[in-house]
Chemist: 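Take this structure first; my questions come after.
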Amino acid sequence: MPVKDIVSWNAIITGYWQNGFIEESKRLFGLMPVKNVVSWNSMITGCIENERIDEACEYFMEMPERNTASWNAMISGFVKEGRVDEALRLFEEMPNRNVISYTVMVDGYARKGEVDRARYLFDWIPRKNEVSWTVMINGYVENERFDEARALFDMMPEKSLVAITAMITGFCKEGMMEDAKRLFEEIHHRDLVAWNAMIAGYAQNGNAEEAFKLYLQMLKMGMKPDRATLISILTSCSSVASLKGGRQTHAFVIKKGLEPDISLCNALMSMYSKCGDIHESKVLFEQLHSPDLVSWNTIITAFGQHGHCEKAVDLFHEMCEHGLKPDGVTFLCVLSACGHAGKVNESINWYDSMVNEYQIAPRAEHFACLVDILCRAGQLVKAHTIIKEMPFEADAGIWGSLLTACGAYLNVELGELAAMKLVELEPGHSGTYIMLSNIYAAAGMWREVGRVRGLMKEQGVKKEPGCSWVETGNRVHLFKAGDVSHPEISEIVLELRRIGLQMKMSDDYEDIVLG
DNA sequence: GTAGGGTTAG
């Protein structure tokens, strides 16, 4: 058979598995009168791409002669499955290793969290290419070792767009948005992924305004958003509770015929719920053919946030009946549902069940959630006990919950402790001083109030006025604390008083406050 | 045959 024919066969076989028809590829491969190493390699890659690593193994064992690409394909296949030990065995066994072999192994170790091992191998690569550098830099970023990522990036001889994008993500993860933006602006030809990384950075840091601005800029430059872009935009709509923006984004998805994959559906569900439309969230959930763990976690949270704790718990059981295993986040969702409903004892039972029955190791977030629930219920001493006994260092969020609760339930002693810790963790944060001073004021300790005010002046801490906004029609109305500049301010205040009164008089007052 | 962006909690 002429070589030309083998090439055509190979092309057809590859075409089939690239479109998911692996069985057809296998059939044709079997019919091939003469095969070359490329034919075999194509079958190996095809099996791996279609998540059939064991069948790939069979082809690999059977083939009469292998080249470096055959070995590399297998190593990469094992790495994709997270089976790094098996990848390493092949790596050691193979006769000739090239840059790609090394790079795949570096990636494998980094993805497993064994960053030092990855770095060791990286240093051994004789002629590193830009992919090798990128994989290692990204490995540091993914494993929260940003300083090392930075150091390596600075050493990288020619910085590729992919490496720059990995660094942008790293800066965003560290909350260093200025640096991320600077790097982003230095890029000559930004591609979609780079835009997405920057937009996602703003979205994840809660800066919806910048995310929207960048999104508009991106559209203006003629870039076409994809699912990843829109998910970040939906996240931003959620964080400012803009149902209107969220609906527009949803409409955009439909109009552009973007097939909503499960992640996009999950983001839509979350957006609707956080913007107040639990019904739409539920409808989307029910339309999913096979909701994944994130979908279930999202819908459980949705009901929890809307005060339907029992429904959230029902959904938890329903999820288990569907054969899905709850993870640590699922328990956070259920815990927060209990918390919103003020159910302290249930929360503790759920926590115990997570640890004992489901054997899930609690993370700092679980303790934070428990502390928050106890705080809201006014059980400050118990909350403090958890803080003292938990195997994690309490962060600013936890001390903040305690401080707020000390204000609501007036506990000077614990309030002072929480404030002290917060000042250590976030110096210059005015809220801490204000809250402590309010606690002293409520307790009638006026000398202390003066002391805190003096301290603020001394340390140069400025009070930032609180603000909120309302969207009506096409306008956003911004209100700052103590600001009376709105032309209709007297009507607004009157209406707020009326609503407040209505809430107090309502039979559901308790529910509203707790929910 | 190798690399970068996305969904769930608080």
Side-chain angles (χ1 to χ4, degrees), chain A residues 38 41-42 44-45 48 67-77 79-80 98-108 110 125 128-139 141-142 160-170 172 191-201 203-204 206 225-235 238 260-271 273-274 291-302 304-305 327-337 339 363-369 371-373 395-398 400-401:
Chain A
V38 179
N41 285 353
S42 167
I44 291 175
T45 313
I48 290 168
N67 61 14
T68 308
S70 331
W71 289 87
N72 287 347
M74 284 307 300
I75 293 175
S76 159
V79 162
K80 280 195 186 114
N98 63 11
V99 205
I100 297 179
S101 332
Y102 278 94
T103 303
V104 174
M105 283 310 299
V106 170
D107 194 32
I125 307 180
K128 304 172 182 59
N129 62 20
E130 57 176 47
V131 182
S132 325
W133 284 87
T134 308
V135 162
M136 193 61 235
I137 291 168
N138 193 47
V141 170
E142 287 284 308
S160 66
L161 178 54
V162 181
I164 294 173
T165 309
M167 285 303 292
I168 290 176
T169 304
C172 293
D191 67 359
L192 181 58
V193 180
W195 280 97
N196 285 350
M198 197 62 226
I199 294 175
Q204 285 160 4
D226 68 356
R227 294 187 190 90
T229 325
L230 295 169
I231 285 172
S232 294
I233 292 306
L234 287 168
T235 302
S238 306
D261 63 357
I262 191 122
S263 307
L264 186 50
C265 288
N266 293 342
L268 282 167
M269 280 164 53
S270 175
M271 178 279 293
S273 159
K274 290 196 174 116
D292 66 4
L293 188 58
V294 176
S295 322
W296 284 99
N297 289 350
T298 305
I299 197 72
I300 290 171
T301 304
Q305 279 166 341
D327 67 353
V329 175
T330 314
F331 282 93
L332 279 172
C333 301
V334 175
L335 283 173
S336 91
R363 289 190 319 219
E365 289 94 329
H366 295 101
F367 291 103
C369 199
V371 168
D372 192 53
I373 293 169
D395 64 3
I398 291 186
S401 296

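Proteins come first, then strands; the chains are lettered A, B, ... in the order of their sequence lines, and each starts at number 1. Note: hydrogens, waters and symmetry copies are ignored here, and every other heavy atom, side chains too, is used. Given the structure is predicted, the values throughout are model-derived calculations rather than measurements.
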Chemist: Among B/dT7, B/dT2, B/dT8, which nucleotide has an atom closest to any side-chain atom of A/Asn129?
Modeler: B/dT2

Chemist: For A/Asp372 and B/dA9, give me the distance from atom CG to atom P, rounded to whole Å.
Modeler: 14 Å

Chemist: Can you tell me if the side-chain N/O atoms of A/Asn138 get under 4.0 Å from OP1 or OP2 in B/dG4?
Modeler: yes

Chemist: Atom CD1 of A/Ile75 and atom NZ of A/Lys80: how far apart are they, to the nearest 0.5 Å?
Modeler: 12.5 Å

Chemist: With sugar-phosphate meaning primed atoms plus P, OP1 and OP2, does A/Ile75 contact a base, only sugar-phosphate, or nothing at under 4.0 Å between heavy atoms?
Modeler: nothing

Chemist: Nearest to the side chain of A/Ser76 - B/dG4, B/dT8, B/dT2?
Modeler: B/dT2

Chemist: What is the distance, rounded to the nearest whole Å, between atom CG of A/Leu332 and atom C1' of B/dT8?
Modeler: 10 Å

Chemist: From B/dT7, B/dA3, B/dG1, pick the nucleotide closest to the side chain of A/Val294?
Modeler: B/dT7

Chemist: Rounded to whole Å, please give me the gap between CD1 in A/Ile48 and P in B/dG1.
Modeler: 9 Å

Chemist: Kindly point out which of B/dA3, B/dG1, B/dA9 is positioned nearest to the side chain of A/Thr134?
Modeler: B/dA3

Chemist: A/Trp71: which residues meet the ring-ring contact (aromatic ring centres under 6.0 Å, His included) condition with it, sequence neighbours left out?
Modeler: A/Phe60

Chemist: For a quick check of understanding: with a heavy-atom distance under 4.0 Å over all strands, which category does A/Ala368 fall into, base, sugar-phosphate or nothing?
Modeler: nothing

Chemist: Is there a side chain to side chain donor-acceptor pair (under 3.5 Å) between A/Ser101 and A/Asn72? Walk through the geometry before answering.
Modeler: CA-CA 6 Å; A/Ser101 332; A/Asn72 287 347; 2.8 Å; yes

Chemist: Is it the case that A/Thr103 and A/Ser132 place a side-chain donor and acceptor less than 3.5 Å from each other?
Modeler: yes

Chemist: Test for a donor-acceptor pair under 3.5 Å between the base of B/dG1 and the side chain of A/Asn67, counting only N and O atoms.
Modeler: no

Chemist: Give the nucleotide from the list B/dG4, B/dT2, B/dG6 with an atom nearest to the side chain of A/Val131.
Modeler: B/dT2

Chemist: A/Val329 has a side chain; which of B/dG4, B/dT8, B/dG1 sits nearest to it?
Modeler: B/dT8

Chemist: Please determine, for the side chain of A/Thr45, which listed nucleotide (B/dA9, B/dT7, B/dG1) has the closest atom?
Modeler: B/dG1

Chemist: It should be established whether A/Lys274 places a side-chain nitrogen or oxygen under 4.0 Å from OP1 or OP2 of nucleotide B/dA9.
Modeler: yes

Chemist: Quick check for you: among B/dA3, B/dG4, B/dG1, whose closest atom lies nearest to any side-chain atom of A/Ala73?
Modeler: B/dG1

Chemist: Determine whether A/Thr235 and A/Gln204 satisfy the following criterion, side chain to side chain donor-acceptor pair (under 3.5 Å), listing intermediate values before the conclusion.
Modeler: CA-CA 8 Å; A/Thr235 302; A/Gln204 285 160 4; over 6 Å; no

Chemist: Are A/Asp292 and A/Asn266 close enough that a side-chain donor and a side-chain acceptor fall under 3.5 Å?
Modeler: yes

Chemist: Select base, sugar-phosphate, or nothing to describe what A/Leu161 touches, counting heavy atoms under 4.0 Å on all strands.
Modeler: base

Chemist: How close or far is atom P of B/dA9 from atom CD1 of A/Ile398, stated in whole angstroms?
Modeler: 18 Å

Chemist: Indicate the atoms forming the closest heavy-atom contact of A/Ile48 with A/Ala73, along with that distance.
Modeler: CD1-O, 3.2 Å

Chemist: Choosing from B/dT7, B/dA3, B/dG4, which nucleotide comes nearest the side chain of A/Ser263?
Modeler: B/dT7

Chemist: Would you mind telling me which of B/dG6, B/dA3, B/dG4 lies closest to the side-chain atoms of A/Glu130?
Modeler: B/dA3

Chemist: Without decimals, in angstroms, what is the distance between A/Trp195 CH2 and B/dG6 P?
Modeler: 17 Å

Chemist: Which whole-number value in Å describes the distance from A/Asp292 CG to B/dT7 C1'?
Modeler: 8 Å

Chemist: In whole angstroms, how far is the C1' atom of B/dT7 from the CG atom of A/Leu264?
Modeler: 9 Å

Chemist: Which part of the nucleic acid does A/Val104 contact within heavy-atom distance under 4.0 Å: base, sugar-phosphate only, or nothing?
Modeler: sugar-phosphate

Chemist: Between atom CG in A/Asp107 and atom P in B/dG1, what is the gap in whole Å?
Modeler: 16 Å

Chemist: Decide yes or no, distance alone: a donor-acceptor N/O pair under 3.5 angstrom between the base of B/dG4 and the side-chain of A/Asp191.
Modeler: yes

Chemist: Does B/dT2 have OP1 or OP2 sitting under 4.0 Å from an N or O in the side chain of A/Lys80?
Modeler: yes

